[in-house]
Amino acid sequence: MNRSGKMSIERIELSLLEMPYVHFFETSFGREEKKTFILVKIFSEGVCGFGEVTADLLPLYNYETTSTSWVIIKEILAPLIFSKNLSHPVEFHTEVQKFKGHHMAKAGLELALWDLKAKKEQKPLSELYGGDKKEVFSGVSIGIQDKVPDLIGRIGDFLEKGYPRVKLKIKPGWDITILKQVRKEFPQVTLQVDANCAYTSADTEILEKLDEFDLALVEQPFPALDLLSHSQLKKRIRTPVCLDESAESLDAVRQAHEMGCFDIINIKVGRVGGIVEARKIHDFCESKAIPVWCGGMLESGIGRAHNIHLATLPNFKLTNDISASRRYFAQDLIEPPVEITERGMIKVPEGLGIGVIPLEERIEKAAQKREVLTP
Ligand code: OSB
Ligand code: MG
């Protein structure tokens with residue numbers, strides 16, 4: 001930071017990157033073989049802050065896409081950064097509140113501003129956030145497979161690698177029968193399931209059966225706006241209900257809480273529109289003794305490093321969807337790669353900002369498109 005306390009942003013660079021997954025990832029909304037996302041770099045006084053936009057090529061998880069976020073950043077959010085002469089990422093959050101939606105686009109920029117801020121103050125992000133952990137809980141999210149034996153095999157592999165908790169993607173037809181077989185094979189493992197909005201209130205009978213499998217939680221059974229079905233289901237099952245897609249802001253979380261929709265919240269910085277909003281949700285949940293955990297969007301190491309720092313906040317009490325680099329990509333973008341410890345934890349990087357080094361030649365190799373934005 002310079003003497004005026006201003007962030008003095010000189011240039012914003014967007015790159016559209018494509019990275020093949022080591023294994024396809026299938027959720028109730030479809031199968032993906034590769035990750036496509038926007039990498040954000042923000043430059044100031046010889047320092048570069050890195051951020052990642054979690055929007056995908058298609059509007060399947062939510063309505064944002066790589067193209068919509070590119071346009072929103074280029075035409076609206078970057079010009080705002082250049083015109084405002086910001087001194088803190090919190091000011092960016094305040095300024096962009098007047099624009100509706102586009103949380104992932106906003107978050108990508110806010111993350112880069114936080115990384116830049118921390119690097120200029122010569123601190124790791126976790127320290128800037130006031131996080132109190134040296135390592136965070138790891139967990140693995142396993143997609144829908146072609147056959148149940150494939151799923152059993154994958155679960156076994158991840159348990160061997162030391163993951164202490166497994167999340168399984170479910171959808172109608174890939175739920176109770178697979179859980180029966182998984183539980184038979186792995187009676188002790190900590191298991192949770194994620195439906196990505198695939199059910200309706202007509203499926204209540206199926207969802208009630210989830211109680212038979214001693215699950216840590218069921219994540220987002222119904223569509224994002226269907227708070228009513230979540231509150232009705234919560235009264236009928238013992239399995240804790242966790243929200244992902246519905247929890248897109250503090251206001252949404254507060255309403256869902258008043259309506260008795262959930263026991264647990266998954267916090268994703270992209271979905272909620274940045275660190276400031278993520279923190280508000282974290283603090284609200286803490287005040288109500290509701291535990292949270294950090295969700296993932298199969299980020300590159302850059303986005304994952306951001307998630308690790310966020311998860312050092314005290315109310316991240318449950319296992320996170322944060323896995324090792326090699327669980328996602330043959331070659332991650334960062335050095336050192338994220339690894340899982342013998343105790344099933346992820347160490348918080350101690351370097352400045354995100355604390356890991358993005359490798360320019362790998363970024364270059366993955367880049368499909370690039371654009372430099374200036375004042
Ligand atoms: O709902 O949590 C989800 C990946 C893409 C889109 C939505 C979700 C997920 C995951 C991946 O479950 C978790 C991870 O990044 O390891
Ligand atoms: Mg989810």
Side-chain angles (χ1 to χ4, degrees), residues 19 21-37 52-66 103-104 107 136-145 151 154-155 158 161 163-171 174 191-199 215-224 230 240-248 262 264-272 278 292-308 310-311 318-329 332-333 337-340 344 346:
M19 294 167 71
Y21 294 128
V22 289
H23 184 90
F24 66 80
F25 194 82
E26 183 170 329
T27 54
S28 58
F29 53 71
R31 178 179 293 196
E32 309 259 296
E33 309 271 354
K34 62 180 195 300
K35 175 159 188 71
T36 310
F37 71 102
E52 179 165 337
V53 179
T54 56
D56 218 318
L57 259 185
L58 298 174
L60 295 170
Y61 168 81
N62 68 358
Y63 67 82
E64 292 184 84
T65 72
T66 45
H103 288 179
M104 291 172 167
V136 301
F137 300 115
S138 182
V140 65
S141 172
I142 305 181
I144 294 164
Q145 307 299 316
L151 178 65
R154 282 185 74 67
I155 296 172
F158 284 119
K161 293 191 171 84
Y163 289 97
R165 167 287 253 172
V166 169
K167 165 170 136 181
L168 299 181
K169 292 291 187 179
I170 58 167
K171 65 174 181 181
W174 183 269
L191 261 192
Q192 62 193 57
V193 295
D194 184 1
N196 288 107
C197 312
Y199 295 87
L215 303 174
L217 58 86
V218 53
E219 183 177 342
Q220 197 71 40
F222 305 113
H230 285 98
V241 176
C242 173
L243 296 183
D244 176 350
E245 285 88 334
S246 294
E248 62 150 54
F262 67 87
I264 292 167
I265 291 285
N266 154 337
I267 294 184
K268 287 180 182 166
V269 71
R271 185 193 71 223
V272 307
V292 306
W293 54 284
C294 184
M297 295 292 290
L298 308 170
E299 288 91 341
S300 82
I302 292 169
R304 190 142 355 92
H306 274 292
N307 290 344
I308 295 169
L310 175 63
L318 305 175
T319 50
N320 305 293
D321 271 354
I322 304 177
S323 314
S325 290
R326 70 166 67 90
R327 178 263 173 274
Y328 306 97
F329 309 105
D332 204 344
L333 296 179
V338 176
E339 294 188 57
I340 176 168
I346 304 267

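Counting convention: from 1, in listed order, for ligands and their atoms alike.
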Does atom CZ (F137) have a neighbourhood of more than 12 heavy atoms from anything else shown, all under 6.0 Å? no

With a cutoff of 4.0 Å, is E219 in contact with ligand 1, counting heavy atoms of the residue only? yes

Flag if over 12 foreign heavy atoms under 6.0 Å of CZ, R326: no

Heteroatom proximity flag, E245 to ligand 1, N/O under 3.5 Å: no

Test your reading of the model: is there a side-chain donor-acceptor pair from N62 to the backbone of E64, 3.5 Å cut-off? yes

Between D194 and ligand 1, find which residue part has any heavy-atom pair under 4.0 Å and reply side chain, backbone, both or neither. side chain

Would you call D321 and R304 a salt bridge, taking side-chain N to carboxylate O under 4.0 Å as the test? no

CD1 (I142) and NZ (K167) are apart, to the nearest 0.5 Å, by 11.0 Å

Under a 4.0 angstrom heavy-atom cut-off, which atoms of ligand 1 come close to M297? 6 (C), 7 (C), 15 (O)

Given that the side chain starts at C-beta and the backbone is N, CA, C, O, which of these parts of K268 lies under 4.0 Å from ligand 1, counting heavy atoms, or is it both or neither? side chain

Can you tell me if K169 has a non-hydrogen atom under 4.0 Å from ligand 1? yes

Look only at interatomic distance and state if Y61 has a nitrogen or oxygen under 3.5 Å from any nitrogen or oxygen of ligand 1. no

Say you draw a straight line from CG of L318 to SG of C294; how long is it, rounded to the nearest 0.5 Å? 12.0 Å

Could you tell me the separation between the OG1 atom of T27 and the CD1 atom of I170, rounded to the nearest 0.5 Å? 12.0 Å

For ligand 1, does Q220 get within less than 4.0 Å through its side chain, its backbone, both, or neither, judged by non-hydrogen atoms? neither

Donor-acceptor pair, E219 side chain versus V193 backbone, under 3.5 Å? no

Side chain, backbone, both or neither: D244 near ligand 1, heavy atoms under 4.0 Å: side chain

Rounding to 0.5 Å, atoms CD1 (I144) and CG (N196) come to a distance of 8.5 Å

Taking atom 14 (C) of ligand 1 as the reference point, the nearest protein heavy atom with its distance: Y328 OH, 3.6 Å

Using a strict cut-off of 4.0 Å, indicate which atoms of ligand 1 neighbour a heavy atom of F25. 4 (C), 10 (C), 11 (C), 12 (O)

Which is it for T27 and ligand 1 at heavy atoms under 4.0 Å: side chain, backbone, both or neither? neither

Could you tell me whether N196 and ligand 1 have an N or O pair separated by under 3.5 Å? yes

Think K161 forms a cation-pi with Y163, using NZ or CZ under 6.0 Å from the six-ring centre and within 45 degrees of its axis? no

So between A195, G139, G296, whose heavy atom ends up nearest atom 9 (C) of ligand 1? G296

Taking K268 for its side chain and E248 for its backbone only, find out whether a donor-acceptor pair lies under 3.5 Å. no

Nearest to atom 15 (O) of ligand 1, what protein heavy atom do you find, and at what distance? L298 N, 2.8 Å

Whether the side chain of S138 engages the backbone of I322 through a donor-acceptor N/O pair (distance < 3.5 Å, no angle test) should be reported. yes

Atoms in ligand 1 flagged as close to K167, the criterion being non-hydrogen separation under 4.0 Å: 2 (O), 3 (C), 12 (O)

Sort by chain and number the protein N/O/S atoms found under 2.8 Å from the Mg ion (ligand 2). D194 OD2, E219 OE2, D244 OD2

With rounding to the nearest 0.5 Å, note down the distance linking CZ in F222 to CD in E245. 13.0 Å

Between Y21 and Y328, does the ring centre distance come in under 6.0 Å? no

